[in-house]
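Here's the structure we're looking at; comments come further down.
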Amino acid sequence: MANRGPSYGLSREVQEKIEQKYDPELESRLVNWIIVQCGEQIEHPPPGRQHFQTWLMDGTLLCKLINSLHPKGNEPIAKITESKMAFKQMEQISQFLKAAEIYGLLCKLINSLHPKGNEPIAKITESKMAFKQMEQISQFLKAAEIYGVRTTDIFQTVDLWEGKDMAAVQRTLMALGSLAVTKDDGCYKGDPSWFHRKAQQNRRGFSEEQLRQGQNVIGLQMGSNKGASQSGMTGYGMPRQII
């Protein structure tokens, strides 16, 4: 479900490699987590990459997800524009918006072929719904980065909205889930085994007395070990004297 037409040649090869990275088993785990984490009566999407994209592409569930990982009253996204439509309706509207965008581009194209002031199409209506959906996706991405997800693990808005790289979307959600499990602040809901815990920093503190004692220890590389030394040893490259 992309806004653009089919790709060919090298572009098609690149797109196929990207699509091969998508994990259907991981999709099922992420869907289950989002439904449990948001804690609402959310319709389970049919399996498949395109259905997963349609389910998330308006940004509503993503915004609810990131808000649910914060204590009540500290949610990073204050207002979420919710869609009250069922999944199938959303899918059909998604198809319409993509067709409308293509139509809008065609209208602009035909206008550009005429002198200014003589355009055959006087008014081209552009959809604001698409803009709102992409805006909500951007809000989620910004909140996810503040939450602690590394920039390298965050997908681009077009990766989801245009379905360019759904594997990148999976990677972001996995990183978010791992962070939530690792923080263990009571906000995470679901099976902890769905995500791996990130390694925790373990700094060791030493007192001044311990540091002072460490300065008195002679390392083995210093040339002495319990009375033994390197005295009398032949220098490097010199013949050994046998008496």
Side-chain angles (χ1 to χ4, degrees), residues 1-2 14-40 42-45 47-82 133-203:
M1 294 179 66
V14 171
Q15 187 60 37
E16 286 177 349
K17 288 182 179 179
I18 291 173
E19 291 175 0
Q20 287 171 3
K21 296 178 181 179
Y22 186 80
D23 188 342
E25 293 183 7
L26 184 56
E27 171 200 302
S28 177
R29 190 194 316 172
L30 290 171
V31 167
N32 290 335
W33 174 50
I34 291 170
I35 291 175
V36 172
Q37 183 67 44
C38 291
E40 299 180 12
I42 299 171
E43 186 177 357
H44 200 290
R49 182 176 59 85
Q50 291 186 347
H51 293 303
F52 187 57
Q53 179 210 355
T54 302
W55 193 58
L56 296 175
M57 69 173 292
D58 70 349
T60 302
L61 285 177
L62 293 177
C63 290
K64 288 183 177 181
L65 176 65
I66 194 67
N67 274 357
S68 70
L69 295 175
H70 293 76
K72 195 170 183 179
N74 292 328
E75 295 89 350
I77 301 175
K79 183 180 179 181
I80 302 174
T81 304
E82 297 190 35
Q133 291 177 347
M134 289 189 284
E135 185 181 34
Q136 291 198 148
I137 295 172
S138 297
Q139 287 178 325
F140 162 78
L141 295 176
K142 183 178 180 180
E145 187 173 358
I146 294 172
Y147 188 75
V149 178
R150 294 182 302 178
T151 306
T152 52
D153 287 333
I154 291 181
F155 66 86
Q156 302 294 313
T157 301
V158 294
D159 291 338
L160 171 58
W161 204 85
E162 295 186 6
K164 284 184 172 293
D165 191 353
M166 291 304 295
V169 177
Q170 288 186 320
R171 185 172 62 247
T172 300
L173 292 173
M174 283 298 295
L176 182 63
S178 294
L179 267 174
V181 169
T182 304
K183 288 189 176 186
D184 196 21
D185 55 6
C187 293
Y188 175 82
K189 300 173 186 175
D191 190 341
S193 66
W194 285 343
F195 305 98
H196 69 272
R197 291 181 180 272
K198 292 185 175 291
Q200 296 294 293
Q201 195 175 35
N202 184 20
R203 291 191 175 184

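Small disclaimer: the values here were computed from a predicted structure and weren't measured.
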side-chain contact (heavy atoms from CB on, under 4.5 Å), that's the test. Do L69 and D185 meet it? Break it down for me. CA-CA 9 Å; L69 295 175; D185 55 6; over 6 Å; no
Return each pair, listed once, that meets salt bridge (charged side-chain N to carboxylate O under 4.0 Å, His left out) where at least one residue sits in residues 134-153; pairs must be two or more places apart or across chains. K132-E135, R150-D153
So salt bridge (charged side-chain N to carboxylate O under 4.0 Å, His left out) across residues 60-70, not counting sequence neighbours, yields E40-K64, K64-E82
I need the minimum non-hydrogen distance between I42 and C38, along with the two atoms involved. CD1-CB, 3.6 Å
Evaluate side-chain contact (heavy atoms from CB on, under 4.5 Å) for Q133 paired with W161, printing each intermediate quantity in order. CA-CA 8 Å; Q133 291 177 347; W161 204 85; 2.9 Å; yes
Rounded to the nearest 0.5 Å, how far apart are OG1 of T182 and NE2 of H196? 7.0 Å
Do you know which two heavy atoms are closest between I77 and I80, and how far apart they sit? CG2-CG1, 4.0 Å
side-chain contact (heavy atoms from CB on, under 4.5 Å) between R197 and D184, intermediate numbers included: CA-CA 10 Å; R197 291 181 180 272; D184 196 21; 4.3 Å; yes
Shortest non-hydrogen contact from S68 to Q37? OG-CG, 3.0 Å
Are any side-chain N or O atoms of W55 and backbone N or O atoms of H44, one a donor and one an acceptor, separated by less than 3.5 Å? no
side-chain contact (heavy atoms from CB on, under 4.5 Å) between L176 and L65: does it pass, once the steps are laid out? CA-CA 10 Å; L176 182 63; L65 176 65; 3.9 Å; yes
Among all residues two or more places apart in sequence or in another chain, which pass the ring-ring contact (aromatic ring centres under 6.0 Å, His included) test with F195? W33
Roughly how far apart are S138 OG and Q156 CD, rounded to 0.5 Å? 9.5 Å
Calculate, to the nearest 0.5 Å, the distance between atoms CG and CG belonging to N32 and D191 respectively. 10.0 Å
Looking at L160, D23, D159, which hits side chain to side chain contact (heavy atoms under 4.5 Å, CB included) with M166? L160
Between Y188 and A180 the two heavy atoms that sit nearest each other are CD1-CB, 3.8 Å
Beyond-backbone contact of L173 with L62, side-chain heavy atoms, under 4.5 angstrom: yes
Minimal non-hydrogen separation, P71 against C187, with atom names: N-SG, 3.8 Å
For residues 71-80, which residue pairs pass the side-chain hydrogen bond (donor to acceptor under 3.5 Å, both in side chains) check, not counting sequence neighbours? none
Using the salt bridge (charged side-chain N to carboxylate O under 4.0 Å, His left out) rule, collect all pairs that involve residues 166-177, keeping only residues at least two apart or in two chains. none
Can a donor-acceptor pair be found, under 3.5 Å and without considering hydrogens, that links the side chain of T172 to the backbone of F155? yes
Is the closest side-chain heavy-atom distance between T54 and P45 below 4.5 Å? no
Contacts of type ring-ring contact (aromatic ring centres under 6.0 Å, His included), residue H70, not counting sequence neighbours: Y147
With rounding to the nearest 0.5 angstrom, report the CD1 to CG distance, I137 to L56. 8.5 Å
Heavy-atom pair with the smallest gap, counting every atom of E27 and Q170: N-NE2, 3.4 Å
How long is the straight-line distance from CG of L61 back to CD1 of I35, given to the nearest 0.5 Å? 8.5 Å
Nearest 0.5 Å, please: how far is OG1 in T157 from NZ in K164? 12.5 Å
